[in-house]
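Structure first, then comments.
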Amino acid sequence: MDRLEEQISFLLEIDKQKEIIRQTYLADGSRKETDAEHAWHIAVMCMVLSEYANEPIDVPKTVMMLLLHDVIEIDAGDTYAYDEAGNATKRDREVRAAERIYGLLPEDQREYFRGLWDEFEAMETPEAKFANTLDKIQPVLLTDRAKGKSWLEHGVRSDQILKRNERTHEGSEVLWDYVRDIIKKNTEGGFIRGEDNGA
């Protein structure tokens, strides 16, 4: 029963993801999404959009990677994409969180799940590249539908979004082209600040 107790302990711990509020609004702009909602959404995106990956991927493995990649934010918190100070300490906070949270599991699952997180972070395999693409484009899709709400609140510039997405094409050129058009449309529409507007 020790194994089961460890597994239940992990499952109860990750319930806290439902309480982590991100900066991205739901598509209708009514409220901000939680980490758990974000993970669910990009996991479903993977099942629907996997045909657009640049390379063949193991879809179930990628879905699992997406479902598990943000559990570390239970300890590390959600760091807003364009928060320079927060991003400076993000890696250290997240590694400590990964050690603790994945460490709740039995050894075999601990190693496998932590390995998926490390793979996601390294962004070297086709699965990790595609997973990162989905993680980056989902907020753009939602924010576009929410009429740029979080971009306007934070005064986000187009060069910041493009810098954050400089490797997004590695997972899917098709999806990156689609999202790049959304970024351009929102910059022209004034929902995203241009590089010369207060950069």
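Sequential numbering from 1 along the given sequence is applied to the chain's residues.
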Check: Atom CD of Q138 and atom CD of E37: how far apart are they, to the nearest 0.5 Å?
Finding: 10.0 Å
Check: Please walk me through it: do E119 and T125 pass side-chain hydrogen bond (donor to acceptor under 3.5 Å, both in side chains)?
Finding: CA-CA 7 Å; E119 182 177 339; T125 64; 2.7 Å; yes
Next item on the list: Decide yes or no on side-chain contact (heavy atoms from CB on, under 4.5 Å) for E19 and I74, but give the supporting numbers first.
Entry: CA-CA 9 Å; E19 303 168 16; I74 291 165; over 6 Å; no
Checklist line | Minimum side-chain heavy-atom gap Y112-L105 below 4.5 Å | finding: no
Notebook entry, point to check: Can you find a heavy atom in the side chain of E5 that is under 4.5 Å from one in the side chain of F10?
Noted result: no
Next item on the list: Taking the side chain as every heavy atom from C-beta outward, state whether E6 and L104 have any pair of such atoms under 4.5 Å apart.
Entry: no
Check: Does the side chain of D70 come within less than 4.5 Å of E73's, by heavy atoms?
Finding: yes
Check: Any link between I21 and I14 through a network of hydrophobic side chains (Ile, Leu, Val, Met, Phe, Trp, Tyr) touching at under 4.5 Å?
Finding: no
Notebook entry, point to check: Taking side chain as C-beta onward, heavy atoms only, is F113 less than 4.5 Å from M64?
Noted result: yes
Check: To the nearest 0.5 Å, what is the distance between CG (D177) and NE2 (H169)?
Finding: 10.5 Å
Notebook entry, point to check: Do you know the tightest heavy-atom contact between T143 and P139?
Noted result: OG1-O, 2.6 Å
Item checked: Other residues, nucleotides, ligands: >12 heavy atoms within 6.0 Å of D15 CG -> yes
Checklist line | From NZ (K16) to CD (E13), nearest 0.5 Å | finding: 3.5 Å
Note to self: Could you walk me through whether F130 and N54 satisfy the side-chain contact (heavy atoms from CB on, under 4.5 Å) test, starting with their C-alpha distance in whole Å, then the side-chain angles of each, then the deciding distance to 0.1 Å, before giving a yes or no?
What the structure shows: CA-CA 8 Å; F130 190 65; N54 289 342; over 6 Å; no
Next item on the list: Could you tell me whether K185 atom NZ has more than 12 heavy atoms of other residues or ligands within 6.0 Å of it?
Entry: yes
Margin query: When you compare the side chain of W151 with that of I161, does any pair of heavy atoms fall below 4.5 Å?
Written below: yes
Check: Which distance, rounded to the nearest 0.5 Å, do you find between the CZ of R114 and the CG of L68?
Finding: 12.5 Å
Notebook entry, point to check: Any ion pair linking R93 and D75 (charged N to carboxylate O, less than 4.0 Å)?
Noted result: no
Next item on the list: Salt-bridge test for D159 and K163: reply yes if a basic N is under 4.0 Å from a carboxylate O, no otherwise.
Entry: no
Notebook entry, point to check: Looking only at heavy atoms, what is the nearest atom pair of K18 and T34, with distance?
Noted result: O-CG2, 3.2 Å
Check: Can you find a pair of side-chain heavy atoms, one from L134 and one from I137, that are under 4.5 Å apart?
Finding: yes
Check: So, for A97 and I72, which heavy atoms are closest and what is the spacing to 0.1 Å?
Finding: CB-O, 3.3 Å
Note to self: Hydrophobic cluster membership, with links at side-chain heavy-atom distances under 4.5 Å among I/L/V/M/F/W/Y: are I42 and I182 in one?
What the structure shows: yes
Next item on the list: Establish whether V156 and L26 are linked, either directly or via other cluster members, by ILVMFWY side-chain heavy-atom contacts under 4.5 Å.
Entry: no
Check: Does D58 use its side chain to pair, donor to acceptor, with the backbone of K61 at less than 3.5 Å?
Finding: yes
Check: Going through the checks in order, is the salt bridge (charged side-chain N to carboxylate O under 4.0 Å, His left out) test met by R167 and E170?
Finding: CA-CA 6 Å; R167 296 188 63 191; E170 293 179 27; 2.8 Å; yes
Check: Which value, rounded to the nearest 0.5 Å, describes the distance between L67 atom CG and H38 atom NE2?
Finding: 10.5 Å
Margin query: Pairing donors with acceptors under 3.5 angstrom, does anything connect the side chains of E153 and Y25?
Written below: yes
Next item on the list: Please step through side-chain contact (heavy atoms from CB on, under 4.5 Å) for the pair E94 and W117, ending with a clear verdict.
Entry: CA-CA 10 Å; E94 291 188 347; W117 182 76; 3.9 Å; yes
Check: Given L12 and I8, is the side-chain contact (heavy atoms from CB on, under 4.5 Å) satisfied, shown in steps?
Finding: CA-CA 6 Å; L12 291 174; I8 296 297; 3.9 Å; yes
Item checked: Hydrophobic cluster membership, Y52 vs L141, 4.5 Å side-chain cutoff -> yes
Notebook entry, point to check: Between S50 and I57, what is the shortest heavy-atom contact and its length?
Noted result: CB-CD1, 4.0 Å
Checklist line | Contact summary for P106 and R3, nearest pair of heavy atoms | finding: CB-NH1, 3.4 Å
Next item on the list: Of all the heavy-atom pairs spanning A128 and F120, show the shortest one and how long it is.
Entry: CB-CA, 3.9 Å
Next item on the list: Decide whether L142 and I192 are clustered together by the hydrophobic rule: side chain heavy atoms of Ile, Leu, Val, Met, Phe, Trp, Tyr closer than 4.5 Å, transitively.
Entry: no
Checklist line | Within 6.0 angstrom of E107 CD, more than 12 heavy atoms from elsewhere | finding: no
Next item on the list: Can you measure from CD (E166) to CH2 (W176) and round to the nearest 0.5 angstrom?
Entry: 10.0 Å
Checklist line | Under 3.5 Å: donor-acceptor pair, side chain of K149, backbone of G29 | finding: yes
Check: Any sub-3.5 Å donor-acceptor pair from Q160's side-chain atoms to R157's backbone N or O?
Finding: yes
Margin query: Under 4.0 Å between a side-chain nitrogen and a carboxylate oxygen: does that hold for R91 and E121?
Written below: yes
